[in-house]
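Heads up, the thing below is written out as structure tokens.
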Amino acid sequence: MNTTFLKKLGINKIHSGAFDGSWRKTKGEVLDVRSPINGKVVGRVRMATPKDYAAISKKAHETFLRWRALPAPQRGEYVRQIGNAFREHKELLAKLVTLEAGKIVQEGLGEVQECIDIADFAVGLSRQLYGLTIQSERDQHHMRETWQPLGTIGIISAFNFPVAVWAWNSMLALVCGDANIWKPSLKTPLCAIAMTNIAAKVLGKEWAPLVSCVIGPDLTVGSALLDDAKVPLISATGSTRMGRIVGPRVAQRFGRSLLELGGNNAMIIMDDADIDLAVRGIVFGAVGTAGQRCTTTRRVLVHHKIADKLQARLIKAYKSCKIGNPFDKKTLVGPLVDEGSATAFQEAIVKAKKQGGKVVQGGKRARVAPAIKGGAYVQPTIIRCPKSLPICKEETFAPILYIIPVRSLDQAIEINNDVPQGLSSSIFTNNVRSAERFASATGSDCGIANINIGTSGAEIGGAFGGEKETGGGRESGSDSWKAYMRRQTTTVNWGTSLPLAQGITFGS
Ligand code: UN1
């Protein structure tokens with residue numbers, strides 16, 4: 001595979017794993033970075049140590065102290081230029097996402113577009129960041145609520161969105177007046193190096209430590225980040241298992257965490273649904289990114305009257321999905337990230353069968369061209385279940401779809417909600433009552449409840465995240481920016497006396 005383009009993104013043969021304005025001379029172990037496409041090493045990173053981390057944190061904090069004083073629209077101007085730099089590098093970055101995360105080219109481009117979009121969104125926000133004015137009970141007084149910069153934000157990101165999730169967090173954090181330290185997945189450090197280089201170049205020497213980056217082992221460098229009292233917010237995306245460690249650990253020091261963890265997303269297909277739309281929505285949601293999105297469609301809850309028909313349509317559509325090299329324009333399904341994921345895929349299928357599920361499509365490792373044999377390619381799989389089985393409540397990060405027939409909307413909503421996770425959900429129906437019921441207080445309990453579109457592929461303008469074991473955090477659009485700031489209440493007395501609240505008289 002041709003990797004000469006890495007040079008254009010400033011990635012060296014053995015790259016340093018610690019950035020605090022410039023790439024430090026790290027002393028940690030060397031990490032081999034493998035492409036999921038063929039399992040071959042495409043880069044090397046000399047990882048950071050806790051000592052590197054300490055230096056980075058200090059510099060980020062010092063830079064934050066100056067950055068927070070800059071008017072927010074001036075901060076936004078830097079972010080505007082960073083967004084433009086992402087635009088200029090869109091193709092190259094997408095290529096890197098494909099190489100390192102194994103996404104097909106279209107999805108790689110889409111991911112970089114998310115970075116551009118959130119930068120644009122953040123620029124607009126930089127002239128807003130609205131607070132409130134509040135009536136005071138005291139004469140010649142008024143109250144206001146303002147939003148102030150928070151500090152250095154720790155960003156922990158997963159392999160499956162190796163550039164966008166950082167951008168969601170860091171572009172908002174920058175306009176909010178914060179610095180950030182990025183700890184990317186050890187499976188996709190090259191994407192982090194490239195993004196850091198692009199943003200740092202725009203920020204220049206004075207501000208580059210705002211986009212610090214640390215690539216190192218979870219147990220040493222990750223722990224240092226979690227325990228760092230100078231990092232008031234940790235925004236972590238990844239597994240529920242990871243979130244269970246991050247949440248309590250950060251809370252222990254009264255830090256905040258913004259968690260975006262696993263999903264187990266269902267699509268409800270009613271008997272009045274537009275089946276053509278539903279099939280397209282399911283295929284993109286379940287097969288796209290080889291089933292490795294936190295928003296991937298994992299369950300189809302279909303009205304029993306149309307279950308067989310829908311299943312037949314899906315099988316037909318699945319058979320036409322080309323599996324293979326994600327650089328090949330015809331490919332729709334690239335590799336899983338590594339062998340471990342392929343093993344989890346196979347184990348889930350064995351379990352599902354034992355529990356009464358029937359594999360009606362796929363179920364095996366996929367046969368691919370010899371040149372990419374080293375990758376973990378699997379067949380997108382459909383398992384028909386007589387009812388919701390225990391395995392249907394688990395998130396397996398692979399393209400496995402459970403089809404579960406339901407008798408009514410009530411039952412569909414009940415099964416939709418009867419899982420530990422609560423990220424995304426959707427309904428396909430042409431009945432406005434069913435649609436609105438699904439997205440009401442008595443409907444889906446997820447952070448995302450879509451109508452006549454799939455569970456994945458959210459736009460950046462909405463708040464993104466979910467409930468229960470998904471972690472409760474919201475990032476990206478809407479008012480998610482508030483997580484990156486501290487709220488301040490100010491009461492102003494513009495009169496000549498000092499009345500106390502609650503009518504208290506104190507002394508004379
Ligand atoms: C993730 O998988 O962590 O809605 C994020 C989507 C994407 C983001 C997924 N915009 O599928």
Side-chain angles (χ1 to χ4, degrees), residues 36 86 94 97 100-104 106-121 155-172 182-185 187-188 191-192 235-243 246 258-267 280-298 332 334 336-337 341 395-399 401 421-426 444 446-451 453-467 469-478 480:
F86 292 158
V97 170
E100 209 182 19
K103 286 189 191 191
I104 61 169
Q106 273 300 314
E107 291 187 2
L109 288 167
E111 181 168 358
V112 181
Q113 188 60 44
E114 279 199 53
C115 304
I116 297 167
D117 293 343
I118 194 72
D120 287 354
F121 180 88
I155 303 168
I156 298 173
S157 63
F159 78 85
N160 67 332
F161 273 82
V163 297
V165 169
W166 166 77
W168 292 352
N169 285 279
S170 67
M171 296 303 108
L172 293 192
W182 182 9
K183 184 186 175 307
S185 160
K187 289 176 181 149
T188 52
C191 283
S235 174
T237 302
S239 65
T240 296
R241 197 178 55 80
M242 178 273 283
V246 172
L258 192 169
L259 301 176
E260 207 266 276
L261 311 173
N264 191 342
N265 319 296
M267 258 191 227
R280 284 172 59 195
I282 295 168
V283 175
F284 177 69
V287 171
T289 329
Q292 299 173 107
R293 287 192 191 213
C294 54
T295 50
T296 289
T297 308
R298 308 210 176 275
L332 287 183
L336 292 179
V337 72
S341 296
E395 180 193 44
T396 306
F397 230 51
L401 182 70
Q421 311 83 352
L423 179 56
S424 188
S425 58
S426 88
S444 165
C446 296
I448 297 171
N450 289 335
I451 297 170
I453 69 158
T455 60
S456 67
E459 300 175 22
I460 62 93
F464 183 88
E467 309 302 337
E469 287 191 5
T470 303
R474 291 294 186 278
E475 34 189 22
S476 192
S478 183
S480 306

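Both ligands and their constituent atoms are indexed starting at 1 by order of listing.
Under 4.0 angstrom from ligand 1, the non-hydrogen atoms of W168 all belong to its side chain.
Taking a cut-off of under 4.0 Å to the non-hydrogen atoms of E114, the atoms of ligand 1 that pass are 7 (C), 10 (N). Near G457, the atoms of ligand 1 lying under 4.0 angstrom from a non-hydrogen atom of the residue are 4 (O), 6 (C), 11 (O). Ligand 1 places these atoms under 4.0 Å from at least one heavy atom of N160: 1 (C), 2 (O), 3 (O). Below 4.0 Å from some heavy atom of E260 lie the following atoms of ligand 1, by number and element: 3 (O). Within ligand 1, counting atoms from 1 as listed, the ones closer than 4.0 Å to a heavy atom of F464 are 4 (O), 5 (C), 9 (C). Listed by number with element, the atoms of ligand 1 under 4.0 Å from a non-hydrogen atom of R293 are 2 (O), 6 (C), 7 (C), 11 (O).
In this structure, the side chain of S426 engages the main chain of I453 through a donor-acceptor pair within 3.5 Å. K103 places no side-chain N or O within donor-acceptor distance of the main-chain N or O of G288, the cut-off being under 3.5 Å.
Remark: among candidates T296, T295, D117, the nearest residue to atom 11 (O) of ligand 1 is T295, based on non-hydrogen atoms.
Counting only heavy atoms from C-beta outward, the side chains of R293 and E107 approach each other to under 4.5 Å. A heavy-atom distance below 4.5 Å is not found between the side chains of F464 and S480.
E395 is linked by a salt bridge (charged side-chain N to carboxylate O under 4.0 Å, His left out) to nothing, counting only residues two or more places apart in sequence or in another chain.
The minimum heavy-atom distance linking L336 with P399 is given by the pair CD2-CD, 3.9 Å.
R241 has no carboxylate O lying under 4.0 Å from a charged side-chain N of E469, or vice versa, which leaves the two without a salt bridge.
At a 3.5 angstrom cut-off on N or O pairs, C294 counts as close to ligand 1.
In terms of protein heavy atoms, atom 9 (C) of ligand 1 is closest to F161 CE1, 3.5 Å. Closest to atom 4 (O) of ligand 1, if we only count protein heavy atoms, is A458 N, 2.7 Å.
Between T188 atom OG1 and W166 atom CH2 the span is 13.0 Å, to the nearest 0.5 Å.
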